[in-house]
Amino acid sequence: MSKIEPTAVAAALAGAVPAGSEILIQGWVRTRRDSKAGLSFLHVHDGSSFDPIQVVATNALPNYESEIQKIPSHAAVECRGTLVESQGKGQKFEIQASDVQVVGWVEDPDTYPISPKRHSFEYLREVAHLRPRTNTIGAMTRVRNCLAQAIHRFFHENGFYWIHTPIITASDAEGAGQMFRVSTLDMANLPRTEDGAIDYGKDFFGREAHLTVSGQLNVECYCLALSKVYTFGPTFRAENSNTPRHLAEFWMVEPEIAFADLSKDADLAEAMLKYCFKAVLDERPDDMAFFAQRIEPTAISRLEALVGATFARMTYTEAIDALQKSGRGFEFAPHWGVDIQTEHERYLSEEYVKRPVIVMDYPKDIKAFYMRMNDDGKTVAAMDVLAPGIGEIIGGSQREERLDMLDKRVAEMGLDGHDYWWYRDLRRYGTVPHAGFGLGFERLVLYATGLTNIRDVIPFPRTPKSAEF
RNA sequence: UGGACGGUAGCUCAAUGGCAGAGCAACGGACUGUUAAUCCGUCGGUUGGAGGUUCGAGUCCUCCCCGUCCAGCCA
């Protein structure tokens with residue numbers, strides 16, 4: 001047997017290899033159908049594309065009866081043969097096998113958890129180690145990768161630098177939510193100070209440390225030197241959130257731009273989202289066709305519409321006004337000064353404008369200390385991008401670059417200015433208006449695929465009471 | 001964390017307080033250049049866990065565990 005390099009299924013199906021070529025395919029069998037005419041059809045999958053390739057094996061092969069006719073779903077195989085135009089319907093090319101070797105058998109096909117039938121997502125989460133073998137998770141994985149690559153490409157093409165902000169932070173000043181503690185102390189025998197408190201001075205970092213809830217404060221340091229920067233990495237929130245759009249561990253993209261106001265920030269958010277969705281439409285038509293057929297009928301059309309449309313923009317005050325005039329019987333009546341509820345977000349994006357909407361200039365009392373005070377003294381330059389079906393996909397703001405105003409806000413919110421000494425330094429030395437936002441990467445994948453539970457768009461979801469895999 | 005709903009065969013689900021079933025999968029056979037193939041047959045159960053009521057509990061009661069959805073927190 002001549003030694004040849006393996007060909008990806010995607011390449012073989014796309015005609016990247018000329019018909020008549022001898023090729024080697026390595027992958028897993030999705031389905032096998034036998035014909036008494038003395039041949040079997042193996043659909044072989046290797047993850048390189050949504051579609052499997054059909055391998056035609058005949059009883060002329062020495063192991064036809066002993067092995068090939070017994071190949072179960074998800075056995076690992078190496079198939080050598082000739083790439084030919086298919087005689088059957090449903091595929092352009094197939095492989096006339098000259099050799100089929102089973103590399104790995106399936107121990108017990110009867111209890112193998114992934115049978116070739118429809119499974120509930122709920123069930124698949126219980127077998128997260130095997131679910132990448134399904135159509136849906138496979139397609140999601142390729143789209144997720146496509147989006148991640150598109151994000152880096154978008155920023156790279158626009159002169160941004162990727163900044164690796166720390167995962168472990170000793171700053172307890174991020175204030176974006178409950179944090180996971182990082183400690184090497186013996187929990188059964190904690191060191192105490194004289195007044196009985198836990199002595200974190202004895203801990204690994206000599207002080208309390210946590211997993212990051214946001215790279216924003218750190219990335220601002222690099223923004224005020226390198227102008228256009230972004231983070232893209234894991235983020236941790238210890239909130240007891242049990243919803244289809246929250247994870248305890250998720251990936252966040254946080255660009256930060258210098259010499260920019262909130263309007264430029266919104267422009268950046270809109271351009272980035274469009275770039276990403278266009279990449280998915282261009283690069284993953286096979287997977288998107290599957291999502292449109294089986295998951296969400298508008299999966300493709302809504303992305304096409306979004307790429308071509310201008311996002312709606314309105315102020316928080318206008319949004320409240322629209323909600324009040326909607327005549328809807330909301331569970332919580334919208335009124336100025338209170339945050340926009342999920343039901344309100346849905347109305348705005350799904351019914352009022354029927355596309356993503358950027359809501360800007362929120363009341364200062366419901367937003368973080370670092371957001372820039374507007375001239376009205378009542379609102380801050382914050383924005384949320386609301387996507388139909390998902391809700392908040394991006395949250396951002398122009399940052400308060402004026403030291404006196406920042407100090408005033410820190411004091412107002414009962415925070416300790418000493419905790420922010422290095423953040424304050426940015427305002428002391430060459431301060432400049434700047435802005436940025438946080439994009440929940442999994443929420444982006446949700447929107448792109450039409451899936452509805454965030455636990456199905458990350459390989460191994462971490463949620464309260466759940467970290468099995 | 002609060003509220004609602006749920007947990008029965010490998011999977012998806014039935015079963016008035018009275019013999020635990022079907023479809024799919026798997027396995028065996030028939031048929032077929034097949035495509036979620038089709039037809040026949042076989043196998044398949046500690047009904048989430050622990051108590052309780054009852055002649056009798058998958059079903060009713062109590063507690064616990066787990067899951068999903070809605071809400072809050074947010075990305």
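Keep in mind the model is a prediction, meaning the values are calculated, not measured. Residue numbering restarts at 1 for every chain, and letters A, B, ... go by the order of the sequence lines.
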Pair partner, [N] [Watson-Crick or wobble, under 3.5 Å]:
N	result
B:G2	B:C70
B:U38	B:A30
B:U59	none
B:U8	none
B:C13	B:G21

I need the [atom1]-[atom2] distance between [X] and [N], as an integer number of Å.
X	N	atom1	atom2	result
A:Arg33	B:A25	CZ	P	13 Å
A:Met371	B:A75	CE	C1'	12 Å
A:Lys367	B:C73	NZ	C1'	12 Å
A:Ile95	B:G33	CD1	C1'	16 Å
A:Ile454	B:C73	CD1	P	16 Å
A:Gln87	B:U34	CD	P	10 Å
A:Met179	B:C73	CE	C1'	15 Å
A:Glu107	B:A26	CD	P	17 Å

Rounded distance in Å between the [atom1] positions of [N] and [M]:
N	M	atom1	result
B:C5	B:G23	P	32 Å
B:C74	B:A36	C1'	40 Å
B:G58	B:A25	P	30 Å
B:U53	B:U62	C1'	11 Å
B:G6	B:A15	P	12 Å
B:C64	B:G41	C1'	44 Å
B:C13	B:A50	P	24 Å
B:C24	B:C60	C1'	33 Å

- Query: Would you say A:Ile151 and A:Phe232 make side-chain contact, with heavy atoms under 4.5 Å?
  - Reply: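 Sidechains of A:Phe232 and A:Ile151: in contact.
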- Query: So do A:Leu439 and A:Met272 actually touch side chain to side chain, heavy atoms under 4.5 Å?
  - Reply: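 Side-chain contact under 4.5 Å: yes.
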Salt bridge [X]-[Y], side-chain N to carboxylate O under 4.0 Å:
X	Y	result
A:Asp365	A:Lys378	no
A:Glu270	A:Arg313	yes
A:Glu256	A:Arg399	yes
A:Lys367	A:Asp384	yes
A:Glu442	A:Arg144	yes
A:Arg409	A:Glu400	no

Base, sugar-phosphate, or nothing: which does [X] touch, judged by heavy atoms less than 4.0 Å apart?
X	result
A:Glu442	nothing
A:Tyr123	sugar-phosphate
A:Gln96	base
A:Glu254	nothing
A:Ser120	sugar-phosphate
A:Gln216	nothing
A:Leu247	base
A:Leu444	nothing

- Message: Can you see whether A:Thr317 engages A:Trp336 through a side-chain donor-acceptor pair at a distance of less than 3.5 angstrom?
- Response: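 There is such a pair (donor and acceptor under 3.5 Å, judged by atom type) between the side chains of A:Thr317 and A:Trp336.
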- Are a donor atom and an acceptor atom from the side chains of A:Tyr64 and A:Ser40 found within less than 3.5 Å of each other?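 Result is yes, a qualifying pair exists.
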- Task: Would you please confirm or rule out a distance under 4.0 Å between OP1 or OP2 of B:G33 and any side-chain N or O of A:Ser35?
- Result: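 Checking B:G33 against A:Ser35, a side-chain N or O does come within under 4.0 Å of OP1 or OP2.
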- Hey, is the side chain of A:Arg237 poking within less than 4.0 Å of OP1 or OP2 on B:C74, counting only N and O atoms?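 Indeed not, no polar side-chain atom of A:Arg237 lies that close.
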- Message: Whether the side chain of A:Ser115 and the base of B:C11 hold a donor-acceptor pair under 3.5 Å is what I'd like checked.
- Response: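 No, no donor-acceptor pair under 3.5 Å.
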- Message: Taking atom types as they are modelled, would you say the side chain of A:His119 forms a donor-acceptor pair with the base of B:C11 within the 3.5 Å cutoff?
- Response: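 For A:His119, whose side chain was compared with the base of B:C11, there is no donor-acceptor pair (under 3.5 Å).
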- Task: Could you tell me which non-hydrogen atom of A:Leu247 sits nearest to which non-hydrogen atom of A:Pro461, and how far apart they are?
- Result: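 Looking at all heavy atoms of both residues, the shortest contact is CD2-CB, 3.9 Å.
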- Task: Can you figure out which of B:C27, B:G33, B:C73 approaches the side chain of A:Pro109 most closely?
- Result: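 Among B:C27, B:G33, B:C73, the one nearest the side chain of A:Pro109 is B:C27.
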- Of all the nucleotides listed (B:A75, B:C73, B:U34), which has the minimum atom distance to the side chain of A:Phe41?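 Of B:A75, B:C73, B:U34, B:U34 is nearest to the side chain of A:Phe41.
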- Relative to the 5' end of RNA chain B, which residue comes earlier, A:Met252 or A:Gln341, by the nucleotide with the nearest heavy atom?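 Closer to the 5' end of RNA chain B: A:Gln341.
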- Message: Need to verify one output field. Residue with the more 5' nearest nucleotide on RNA chain B, A:Glu343 or A:Asp339?
- Response: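 Between the two, 5'-proximity favours A:Glu343.
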- Could you tell me whether the side-chain ring of A:Phe441 sits stacked on the base of B:A75, using a centroid cut-off under 5.5 Å and a plane angle under 30°?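 Whether judged by distance or by angle, A:Phe441 falls short somewhere, so it does not stack on the base of B:A75.
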Kindly give the atom pairs (protein nitrogen or oxygen, nucleotide nitrogen or oxygen) under 3.5 Å for nucleotides 67-70 of chain B.
residue	atom	partner	partner atom	Å
B:G67	O2'	A:Glu122	OE2	2.6
B:U68	OP1	A:Arg125	NH1	3.0
B:U68	OP1	A:Arg455	NH1	2.9
B:U68	OP2	A:Arg455	NH1	3.2
B:U68	O5'	A:Arg455	NH1	3.4
B:C69	OP1	A:Asn453	ND2	2.6
B:C69	OP2	A:Asn453	ND2	3.4
B:C69	OP2	A:Arg455	NH1	3.3
B:C70	N4	A:Asn242	O	3.4

